[in-house]
Amino acid sequence: MKVQLYNLKELSLYKFVVILAKHNGEWIFCRKKGSDTWEFPGGHIDGHEKPIDAAKRELREETGAEEFSIKPVFDYSVADGDSFSSGMVFYADVSKLGKLPDFEMEKIAFFKEVPQKLTYPEIVPILVKHFNKLKLTGKI
């Protein structure tokens with residue numbers, strides 16, 4: 001599996017959104033029903049959606065976020081054998097959480113650091129490291 005990072009809007013076609021979300025300074029991670037691993041909110045962009053609209057929808061559906069600021073920060077792609085997918089990464093600062101909708105997520109939890117047991121261990125650390133680098137250099 002190869003993960004590549006790009007400047008924002010460097011890619012033209014997006015299949016996924018990932019939201020690096022924080023609440024009160026801690027990362028918000030989600031756990032799907034029947035799973036024991038953690039992931040950031042995110043998912044597929046529906047055919048009619050813009051990436052920002054998909055990110056807002058996924059954040060609400062997967063965390064119960066009611067009030068938040070959200071912005072795109074960079075693009076990424078994942079290649080694995082013959083498959084290739086690309087996405088846009090967002091940062092969200094969630095100020096108000098409501099009840100978690102009864103969709104695919106069982107629960108959310110807050111972490112100061114990225115948890116060990118990840119659904120996508122080959123991807124999440126790379127995205128967080130790049131986000132932190134952009135933040136440190138003032139590009140976010």
Side-chain angles (χ1 to χ4, degrees):
M1 178 178 293
K2 183 176 180 181
V3 179
Q4 286 194 263
L5 306 171
Y6 306 87
N7 293 322
L8 184 61
K9 298 185 181 176
E10 191 171 334
L11 299 176
S12 56
L13 295 173
Y14 302 99
K15 187 174 181 180
F16 297 98
V17 293
V18 176
I19 304 100
L20 308 182
K22 284 195 172 186
H23 177 67
N24 292 331
E26 294 185 315
W27 293 114
I28 303 173
F29 277 87
C30 311
R31 190 174 73 204
K32 286 185 179 172
K33 293 176 181 176
S35 176
D36 66 347
T37 59
W38 296 100
E39 59 191 75
F40 277 120
H44 288 87
I45 299 170
D46 291 339
H48 64 282
E49 286 181 309
K50 294 179 182 175
I52 185 69
D53 297 325
K56 290 176 182 179
R57 175 182 53 76
E58 291 287 354
L59 184 62
R60 287 183 187 109
E61 288 177 0
E62 296 189 353
T63 69
E66 293 180 347
E67 294 177 12
F68 54 88
S69 62
I70 188 168
K71 65 181 179 180
V73 287
F74 59 92
D75 294 351
Y76 78 103
S77 68
V78 177
D80 193 7
D82 292 337
S83 72
F84 176 87
S85 61
S86 58
M88 188 177 282
V89 177
F90 291 80
Y91 172 69
D93 184 18
V94 178
S95 55
K96 183 178 178 187
L97 288 163
K99 184 176 183 259
L100 182 63
D102 189 21
F103 292 130
E104 64 184 309
M105 293 302 168
E106 181 178 350
K107 78 182 277 187
I108 64 169
F110 307 98
F111 297 87
K112 290 190 186 299
E113 302 293 330
V114 174
Q116 293 295 313
K117 206 163 190 183
L118 295 168
T119 306
Y120 305 105
E122 305 92 351
I123 301 171
V124 168
I126 293 170
L127 299 182
V128 171
K129 182 177 180 181
H130 189 62
F131 172 82
N132 287 335
K133 177 182 162 191
L134 291 175
K135 191 171 180 186
L136 189 65
T137 58
K139 295 181 180 176
I140 303 180

Rounded to the nearest 0.5 Å, what separates atom CD1 in Ile28 from atom CG in Leu97?
5.0 Å
Value rounded to 0.5 Å, distance of NZ in Lys112 from CD in Glu26
4.5 Å
Mind checking whether Phe29 and Phe111 have parallel, tilted or perpendicular rings, split at 30° and 60°?
perpendicular
Might you point out which heavy atoms bring Pro72 and Leu8 nearest each other, and give the distance in Å?
CB-CD1, 3.5 Å
Does the side chain of Lys22 reach to within under 4.5 Å of the side chain of Tyr91, using non-hydrogen atoms?
yes
Would Arg60 and Phe68 count as a side-chain contact (heavy atoms from CB on, under 4.5 Å) here? Give the steps.
CA-CA 10 Å; Arg60 287 183 187 109; Phe68 54 88; 3.8 Å; yes
Over all atoms of both residues, closest heavy-atom pair of Arg31 and Asp36
CD-CA, 3.8 Å
SB check Asp93 Lys71 (cutoff 4.0 Å)
no
Nearest heavy-atom contact between Pro41 and Leu59 is CG-CD1, 4.0 Å
In this structure, would Val124 and Val89 fall into the same cluster of hydrophobic residues linked by side-chain contacts under 4.5 Å?
yes
What pair of heavy atoms forms the shortest contact from Ile52 to Ile70, and how long is it?
CD1-CG2, 4.0 Å
Minimum heavy-atom distance between Lys32 and Glu39, given as atom pair plus value:
CE-OE2, 3.5 Å
Pairwise side-chain contact, Leu127 with Leu5, heavy-atom cut-off 4.5 Å (strictly under):
yes
When hydrophobic residues are tied together by side-chain contacts of less than 4.5 Å, even through go-betweens, does Trp38 share a cluster with Val18?
yes
Report the C-alpha separation of Leu13 and Leu11 in whole Å, then their side-chain angles, then the decisive distance to 0.1 Å, and conclude whether the side-chain contact (heavy atoms from CB on, under 4.5 Å) test is met.
CA-CA 6 Å; Leu13 295 173; Leu11 299 176; over 6 Å; no
Heavy-atom donor-acceptor pair, Thr137 side chain to Leu134 backbone, under 3.5 Å
yes
Check whether any side-chain heavy atom of Glu62 sits under 4.5 Å from a side-chain heavy atom of Phe40, and report yes or no.
no
What orientation do Trp27 and Phe131 show, parallel under 30°, tilted 30 to 60°, or perpendicular over 60°?
perpendicular
For Glu10, is there any backbone N or O sitting under 3.5 Å from a side-chain donor or acceptor partner on Asp75?
yes
I want to check something: taking the side chain as every heavy atom from C-beta on, are Met88 and Lys9 in contact at a cut-off of under 4.5 Å?
yes
Honestly curious: do Ile19 and Val3 fall in one hydrophobic cluster under the side-chain, below-4.5 Å linking rule?
no
Check the surroundings of atom CG in Asp102: do more than 12 heavy atoms from other residues, nucleotides or ligands lie under 6.0 Å from it?
no
Least distance between heavy atoms, Glu58 atom then Val17 atom:
CG-CG2, 4.2 Å
Would a hydrophobic clustering, with Ile, Leu, Val, Met, Phe, Trp and Tyr connected at side-chain separations under 4.5 Å, put Ile140 with Val128?
yes
Are any non-hydrogen side-chain atoms of Met1 and Val78 less than 4.5 angstrom apart?
yes
Report yes if the side chains of Lys33 and Glu104 come closer than 4.5 Å at any heavy-atom pair, otherwise no.
no
Rounded at 0.5 Å granularity, tell me how far NZ in Lys99 sits from CD in Glu66.
11.5 Å
Rounded to the nearest 0.5 Å, the CD1 atom of Ile45 sits from the CZ atom of Arg57 at a distance of 9.0 Å
OG of Ser35 to CE of Met105: how many Å apart, nearest 0.5 Å?
8.5 Å
Measure the shortest side-chain to side-chain distance between Val73 and Phe90 over non-hydrogen atoms and say whether it is less than 4.5 angstrom.
no
Rounded to the nearest 0.5 Å, how far apart are CD of Gln4 and CZ of Phe84?
7.0 Å
Side-chain contact, heavy-atom cut-off 4.5 Å: Lys56 with Lys50?
no
